[in-house]
Novice: 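Shown below is the structure under consideration.
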Amino acid sequence: MYYSKLLIPTLREYPGEAEVISHRLMLRAGMIRRLAAGIYNYLPLGYRVIRKIESIIREEMDRAGAQEVFFPMVLPAELWRETGRWDQYGKELLRLKDRNDRDFCLGPTHEEVVTDLIRREVKSYRQLPLNLYQIQTKFRDEIRPRFGLMRGREFIMKDAYSFDTDETGAEKSYRKMYDAYMAIFRRCGLTFKPVEADTGLIGGSFSHEFMVLADTGEEAIVSCDSCGYAANMEKAEGRVAAGFSLRPQDVGTDLQVCPELLPLEKKITPGKKSVEDVAVFIGVEEERLVKTLIIRGGERIVAALIRGDHELHEIKLAKLLGCTEAQLLSPAEVEEVTGAPSGFSGPVGLKGIPIIADLAIKDMVNFIVGGNERDLHLLNVNLFRDFAPDQFADIRKVREGDECSRCDNGNLAIVRGIEVGHTFKLGTKYSETMGATYLDEHGRPHFIIMGCYGIGVGRTMAAAIEQNHDKDGLIWPSSIAPYKVIILPLNMESEKVYGAAEAIYKGLEEKGIEVLFDDRNERAGVKFKDADLIGIPYQVIVGDKGIKRGIVEIKERATRAVKEVEVEKLILTGEL
RNA sequence: CGGGGCGUAGCGCAGCCUGGUAGCGCACCUGCUUUGGGAGCAGGGUGUCGGAGGUUCAAAUCCUCUCGCCCCGACCA
């Protein structure tokens, strides 16, 4: 392709609107332009990358036995009402009416559509398993779109849906998609990690998020340095080395050993409400304290016990309680429940509500809690002697350095990642609510078991940039680069230079190599800068000096390594 | 939706506090020179100062309203 004919409006400076590097570079390299908040035009260069990623996805999905379909983007409300999501989905669902005042929405996802199709068309176990996928523009009216393609409102997504007769089959389908995802992201040249994820409200038995590792990632991932265990924060389990021990073998170790349970003691702590204040006032480490958080989850109110230096993970607790949200009560409400001002809540003598203790509490002895009375704390509190939790559970946030819960010698690190793909084993959630059944060998109906699998195409592109760039611009992995080579004739006045450059261009094109020919009448510096900025993997540099000797230079964008090649040889072989 | 900020030429910004002729760099157009890392000289201004209303002899500047965008938080591919 001739550069002069392409729309590649590169910018010399970074536009002020963008913050993260992928967004800034996509704008600067003339790949995208913003049309409205979270809504972008894809320019020729950007769209080529999108199509590259799409075709890798298609190849791997097809290889895994999935079939491509194409669903509408405008969806009728009735389907969404059927599953209740018309009401549940909230403002993220962009609703519209047609001329007859009928309700529609822009599709944010397509479970309803595909399940509707399947329930009509699939009758028999003989038609299963089945896996349908599509690559579609989706719309979610995000609360806060940001970071360019990373979190747009309109975005391109591949979504696949699997349908099986039984659990074994469903797991096999899931595994196939998992493997396909590994292949897809590997082929896109990404450094990524599949992590165990929370299934959230979608339900089902398991789920993985495919995270591209990048400091700008929006999600925190917990991963073990020893056994490969990785999970997102909602799911991650960690263990805490006991800060205090009763075990004789711990004498002389780093652990502070408390060989006996000391008698309960009252301590007046005037106005000391926060863990920090209390710890300072008494003169102990924060990890000697246990905080008692009074939480409302759905209809229930519970007391959650967390070690002083730890943090409650609301989502873990909510899941445990079987509801969607867990919230701290207001100070007034706390006082109503415990009879003491908030800041002085404690488990000892607490009546009327269940006590859920974090697993880390199990190992603690002689700890400090609130006294359920203004300005009172209790020292040397011990489990089962002074109070008994109704339940122990993992309800805290994992911290950097916690011990791995899956292996004996690993420690957990927290890294950041960009979620580019998500796989869910859905089970029968949608087939039940929408009545998608098949008949087995005996003519008996069963619900179809489903899975769903998404990949954010634009986000994958953004993630690739986050991982592959330098101060001069983009560095595309070869597999998703818009062009493989860019040819830079440095002196357009010189017929020899231009002639050789054009001959190389035609030679490479004939061999099926995607070539961009910078035929613009620009100075060398401009061409170099633009070539670096748009990140084409190889630059063929054609200059007067080389041409006299019959050679050109080939520069690898990523390494900046330069080698000289004979013009004739390059035209003949196409070898870079 | 809560908190913070921005809106002036295609892009990046100054001017606003303290009202008085709209400015700088880059880009762009013309000509000449230049040609291996975003060239030099000369000439050219392409603007509804986001919009509406108000105060004033006079508003980019002060006031009110409004629209758009960006950043931080709670949700998600």
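Every chain is numbered from 1 and lettered A, B, ... according to where its sequence line falls, protein lines coming before strand lines. Owing to the predicted nature of the structure, the values given are computational and were not obtained by experimental measurement. Values below: every heavy atom of this structure, side chains too, minus hydrogens, waters and symmetry copies.
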Novice: Check the distance between B/rG5's P and A/Glu19's CD and give it to me in whole angstrom.
Specialist: 16 Å
Novice: Over how many whole Å does the gap from A/Asp530 atom CG to B/rC26 atom P extend?
Specialist: 18 Å
Novice: Distance between the C1' atoms of B/rA59 and B/rA74, in whole angstroms?
Specialist: 41 Å
Novice: Let me know the distance between CD of A/Glu218 and C1' of B/rG73, rounded to the nearest Å.
Specialist: 12 Å
Novice: Compare the minimum distances between each of B/rC71, B/rG38, B/rC11 and the side chain of A/Pro15, then state the nucleotide with the smallest one.
Specialist: B/rC11
Novice: Check the phosphate of B/rC75 against A/Arg144, side-chain N and O only, distance under 4.0 Å to OP1 or OP2. Yes or no?
Specialist: no
Novice: Would you indicate, yes or no, if B/rA27 has its OP1 or OP2 atom less than 4.0 angstrom from a side-chain nitrogen or oxygen of A/Arg12?
Specialist: yes
Novice: Can you check the A/Phe528 CZ to B/rG36 P distance for me, whole Å?
Specialist: 9 Å
Novice: Within this structure, what is the CG-to-P distance between A/Leu490 and B/rG37, rounded to whole angstrom?
Specialist: 9 Å
Novice: Nearest of B/rA74, B/rC69, B/rG12 to any side-chain atom of A/Ala36?
Specialist: B/rC69
Novice: With a non-hydrogen cut-off below 4.0 angstrom, is A/Gly152 in contact with a base, only sugar-phosphate, or nothing?
Specialist: base
Novice: Do A/Asp532 and B/rG37 share a donor-acceptor pair, side chain to base, under 3.5 Å?
Specialist: yes
Novice: Kindly compute the distance separating CZ (A/Arg520) from OH (A/Tyr3), expressed to the nearest 0.5 Å.
Specialist: 4.0 Å
Novice: Check every atom of B/rC75, B/rC69, B/rA39 against the side chain of A/Val526 and return the nucleotide holding the closest atom.
Specialist: B/rA39
Novice: Could you please name the option among B/rG37, B/rA77, B/rA39 that lies closest to any side-chain atom of A/Arg523?
Specialist: B/rA39
Novice: Using the C1' atom on both, measure B/rG7 against B/rU33 and round to a whole Å.
Specialist: 41 Å
Novice: In this structure, is the centre-to-centre distance between the rings of A/Phe424 and A/Tyr174 below 6.0 Å?
Specialist: no
Novice: What integer number of Å spans the C1' atoms of B/rG15 and B/rU8?
Specialist: 9 Å
Novice: If you take the centroid of each ring, where Trp contributes its six-membered ring, are A/His23 and A/Tyr40 closer together than 6.0 Å?
Specialist: yes
Novice: Answer yes or no as to whether B/rA77 has its base stacked against A/Phe155, where stacking requires a ring-centre separation under 5.5 angstrom and planes under 30 degrees apart.
Specialist: yes
Novice: In terms of the angle between their ring planes, are A/Tyr181 and A/Tyr453 parallel, tilted or perpendicular, with boundaries placed at 30° and 60°?
Specialist: perpendicular
Novice: Between B/rG3 and B/rG40, how far apart are the two P atoms, rounded to whole Å?
Specialist: 48 Å
Novice: Starting at the 5' end of RNA chain B, which residue's closest nucleotide do you reach first, A/Glu553 or A/Val420?
Specialist: A/Glu553
Novice: Between A/Arg520 and A/Leu149, who's closer to the 5' end of RNA chain B by nearest nucleotide?
Specialist: A/Arg520
Novice: Would you mind telling me which of B/rC69, B/rC1, B/rC71 lies closest to the side-chain atoms of A/Ala37?
Specialist: B/rC69
Novice: Taking the minimum atom-to-atom distance to the side chain of A/Arg34, which one of B/rA39, B/rC70, B/rC71 wins?
Specialist: B/rC70
Novice: Would you say the rings of A/His208 and A/Tyr178 are close, in the sense that their centroids are separated by under 6.0 Å?
Specialist: yes
Novice: Please state the P separation for the pair B/rC6 and B/rU61 - nearest whole angstrom.
Specialist: 15 Å
Novice: Give a yes or no on whether the ring-centroid distance for A/Tyr133 and A/Phe70 is below 6.0 angstrom.
Specialist: no
Novice: Could you check how far CD1 of A/Ile551 sits from P of B/rG36, rounded to whole Å?
Specialist: 15 Å
Novice: Between B/rC63 and B/rC16, how far apart are the P atoms? Round to whole Å, please.
Specialist: 14 Å
Novice: Using atom C1' of each nucleotide, how far apart are B/rC65 and B/rC26 to the nearest Å?
Specialist: 36 Å
Novice: Taking B/rU21 as the reference, what is the distance to B/rG47 when you measure between their C1' atoms (whole Å, please)?
Specialist: 15 Å
